[in-house]
Amino acid sequence: MEVERVQALAYGGLAELPAAFIRPAHERPENTKPLEGVTVPVISLSLPHDVLVKQVSEACSEWGFFLMTDHGISPSLIKRLQDVGQEFFKLPQVEKEAYANDPSSGKFEGYGTKMTKNHDQKVEWVDYFFHLMSPPSKVTYDIWPKVPPSYREVTEEYNKEILRATDKLLELLSEGLGLDKKVLKTKLGGEELEVEMKINMYPPCPQPHLALGVEPHTDMSALTLLVPNDVPGLQVSKDSNWIAVDYLPNALFVHVGDQIEVLSNGKYKSVLHRSVVNKERTRMSWAVFCAPPHDAVIGPLPQLVDQQNPAKYSIKTFAEYRHRKFNKLPQ
């Protein structure tokens, strides 16, 4: 199946956007500018434990999003991760196509351009590379980039660090609910928690005021941990306003996803977010989605539900949740 790649379009001397990329007026960045003077929460993992639990809980309740600093992942590893991802996207187009995915046949891993079905068939200004990193039993190394040769070594090292950071975050979030620190990780599959890497590549866009890199959405994951390059573009929604997220070197951008919202019975919010694009510069981000295995049954934690606080969400397998989300069906 021949797919038109955004990177190829962008570097082909495009002066105007094809119609498929032009958003409806109410979605265009020119008509939905972010609120000035508001910044997202920044939380250091070096804070005293009780302060940390409180700050993380508040950020995830009010925003569903924060920037995490002092997380212990070395700046040099983040740089190496970004270097190997950038090298892949610099390969000749024909070499990248050898890794092409095919979501229509259920093959999501690999190199791709469009990931969701939106009803008016608008396309997002982004190419991506997507693959599982964990657990080892579900990883298909054959689909990982072979060029650069260090891609696997660097990505496996980053995976170990992400698993450590995820464990810490899930403990803090469990404690913020007044529960034992292992509760959320256990409900999300324990050591079978699935960790997925998605490298997003947003090339320069000739009319960035009309397009979106990624349309407004919440993540179906439990948590998403992201590092961007230094080109801003992420915007999160709070109180019906878009808030631009400034670049903070070496911070982890922490998004609460749908599964944590469901498990917490709505105490923690899955953050609505989008990505805008740039006329001159390429934006890239490395998003790691932490999600339960497909057969995990997810619903509000029984400890949080009583007569005063009835369940706000139905109980279903993550596979069923994914199917409904991908097909824009009600949950």
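Everything numeric here is computed off the predicted structure, so don't read it as measured data.
Nearest heavy atoms, Asn265 versus Pro310: ND2-O, 3.1 Å. Between Pro300 and Ile315 the shortest heavy-atom distance is CD-CG1, 4.5 Å. Taking every heavy atom of both residues into account, Gly213 and Val126 meet most closely at O-CG1, 3.3 Å. A pairwise comparison of heavy atoms in Glu192 and Pro293 identifies O-CD, 3.8 Å as the closest pair. Closest heavy-atom contact between Thr224 and Ser221: OG1-OG, 2.9 Å. Shown here for Arg23 and Val123, the closest heavy-atom pair between the two residues is NH1-O, 3.6 Å.
Side-chain atoms of Arg28 never come within 3.5 Å of backbone atoms of His209 as a donor-acceptor pair (strictly under, hydrogens ignored). Put simply, the side chain of His71 gets close to the backbone of Asn250: a donor and an acceptor are under 3.5 Å apart. The main-chain N or O of Leu81 is never found under 3.5 Å from a side-chain atom of Tyr158 such that the two would form a donor-acceptor pair. Within the 3.5 Å criterion, the main-chain N or O of Asn200 finds no donor-acceptor partner in the side chain of Arg283. Proximity of a side-chain donor or acceptor of Asn327 to a complementary backbone N or O of Leu329 within less than 3.5 Å is not detected. With Asn309 contributing its side chain and Leu304 its backbone, the two residues share no donor-acceptor pair below 3.5 Å. In terms of modelled atom types and a separation under 3.5 Å, the side chain of Glu157 and the main chain of Leu77 share no donor-acceptor contact. No donor-acceptor pair under 3.5 Å is formed between the side chain of Asp70 and the backbone N or O of Ser44. Between the side chain of Glu124 and the main chain of Leu212, no donor-acceptor pair closer than 3.5 Å is present. A donor-acceptor distance shorter than 3.5 angstrom exists from the side chain of Lys33 to the backbone of Glu30, with no hydrogens or angles considered.
When only modelled atom types and interatomic distance are considered, Lys185 and Ser174 share no side-chain donor-acceptor pair under 3.5 Å. In this structure, a donor-acceptor pair under 3.5 Å is present between the side chains of Lys316 and Ser314. Residues Thr282 and Tyr11 have side chains that bring a donor and an acceptor to within less than 3.5 angstrom of each other. Looking at Asn229 and Tyr202, their side chains never bring a donor and an acceptor atom within 3.5 Å of each other.
Under the 4.5 Å side-chain criterion, counting only non-hydrogen atoms from C-beta, Trp125 is in contact with Leu17. Side chains of Phe66 and Val40 form no contact here, defined as non-hydrogen atoms less than 4.5 Å apart. Taking 4.5 Å as the limit, every side-chain heavy atom of Ile73 sits out of range of all side-chain heavy atoms of Val227. Using a 4.5 Å cut-off on side-chain heavy atoms (C-beta onward), Ile43 and Leu52 make contact. Residues Thr317 and Asp295 fail the side-chain proximity criterion, which asks for heavy atoms closer than 4.5 Å. The shortest side-chain heavy-atom distance between Glu109 and Glu196 does not fall under the 4.5 Å cut-off. Contact of the Ser57 side chain with the Lys267 side chain is registered, since non-hydrogen atoms from C-beta on lie closer than 4.5 Å. The shortest side-chain heavy-atom distance between Tyr268 and Glu261 does not fall under the 4.5 Å cut-off.
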Checking salt bridge (charged side-chain N to carboxylate O under 4.0 Å, His left out) for the pair Glu161/Arg164: CA distance, chi angles, key distance, verdict? CA-CA 5 Å; Glu161 295 294 315; Arg164 183 181 55 75; 2.7 Å; yes
Please assess Lys122 against Glu215 for the test salt bridge (charged side-chain N to carboxylate O under 4.0 Å, His left out), listing each intermediate value before the final yes or no. CA-CA 9 Å; Lys122 291 295 176 189; Glu215 64 189 23; over 6 Å; no
Show the numbers, then the answer: is there a side chain to side chain contact (heavy atoms under 4.5 Å, CB included) between Val256 and Thr218? CA-CA 9 Å; Val256 173; Thr218 61; over 6 Å; no
Could you give me the CA-CA distance, side-chain angles and deciding distance for Asn101 and Tyr128, then say whether side-chain hydrogen bond (donor to acceptor under 3.5 Å, both in side chains) is met? CA-CA 10 Å; Asn101 67 0; Tyr128 64 84; 3.0 Å; yes
Full working for salt bridge (charged side-chain N to carboxylate O under 4.0 Å, His left out) between Asp50 and Lys54: CA-CA 6 Å; Asp50 53 344; Lys54 184 169 182 287; over 6 Å; no
Phe88 and Phe129: CA distance, side-chain angles, deciding distance, ring pair (Phe, Tyr, Trp, His ring centres under 6.0 Å) verdict: CA-CA 9 Å; Phe88 173 79; Phe129 200 102; 4.9 Å; yes
Show your working on side-chain hydrogen bond (donor to acceptor under 3.5 Å, both in side chains) between Glu87 and Tyr151 and close with a plain yes or no. CA-CA 9 Å; Glu87 280 188 57; Tyr151 183 89; over 6 Å; no
Please walk me through it: do Met68 and Leu169 pass side chain to side chain contact (heavy atoms under 4.5 Å, CB included)? CA-CA 10 Å; Met68 185 164 80; Leu169 280 167; 3.8 Å; yes
Does the side chain to side chain contact (heavy atoms under 4.5 Å, CB included) test come out yes or no for Arg322 and Met220, once each step is laid out? CA-CA 7 Å; Arg322 282 180 91 242; Met220 71 174 87; 3.4 Å; yes
Give the intermediate values and the outcome of side-chain hydrogen bond (donor to acceptor under 3.5 Å, both in side chains) for residues Asp102 and Ser104. CA-CA 5 Å; Asp102 184 11; Ser104 64; 2.7 Å; yes
Would Ile162 and Thr166 count as a side chain to side chain contact (heavy atoms under 4.5 Å, CB included) if you check the C-alpha gap in whole Å, the side-chain angles of each, and the deciding distance to 0.1 Å? CA-CA 6 Å; Ile162 283 290; Thr166 302; 3.8 Å; yes
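Aromatic rings from Phe108 and Phe326 are positioned such that their centres are separated by under 6.0 Å. Under the 6.0 Å cut-off for aromatic ring centres, Phe253 and His273 do not qualify, their centroids lying 6.0 Å or more apart.
Around CD of Glu191, the count of heavy atoms belonging to other residues, nucleotides or ligands within 6.0 Å does not exceed 12. Within a 6.0 Å sphere centred on CD of Glu153, heavy atoms belonging to other residues, nucleotides or ligands number 12 at most. Crowding of Lys146 atom NZ: a count of heavy atoms from other residues, nucleotides or ligands under 6.0 Å exceeding 12.
Pairs passing the side-chain hydrogen bond (donor to acceptor under 3.5 Å, both in side chains) check and including a residue from residues 234-248, sequence neighbours excluded, read Gln235-Arg274.
Distance CZ/Phe21 to CD/Glu16: 14.0 Å, rounded to 0.5 Å.
Cluster annotation: Phe289 and Ile143 are assigned to distinct hydrophobic clusters (Ile/Leu/Val/Met/Phe/Trp/Tyr, side-chain heavy-atom contacts under 4.5 Å, transitive). By the rule that hydrophobic residues join a cluster once side-chain heavy atoms approach within less than 4.5 Å of another member, Leu272 and Ile243 end up as members of separate clusters. The hydrophobic clustering, which links ILVMFWY residues whose side-chain heavy atoms are closer than 4.5 Å, places Val147 and Val154 together. Tracing side-chain contacts under 4.5 Å through hydrophobic residues (I, L, V, M, F, W, Y), one never reaches Phe65 starting from Ile260; they form parts of separate clusters.
Under 4.0 Å is where a charged nitrogen must lie from a carboxylate oxygen, and between Glu156 and Lys160 no such pair does.
Tested against Val277, the residues Pro208, Pro29, Pro204, Pro206 include a single side chain to side chain contact (heavy atoms under 4.5 Å, CB included) partner, Pro208.
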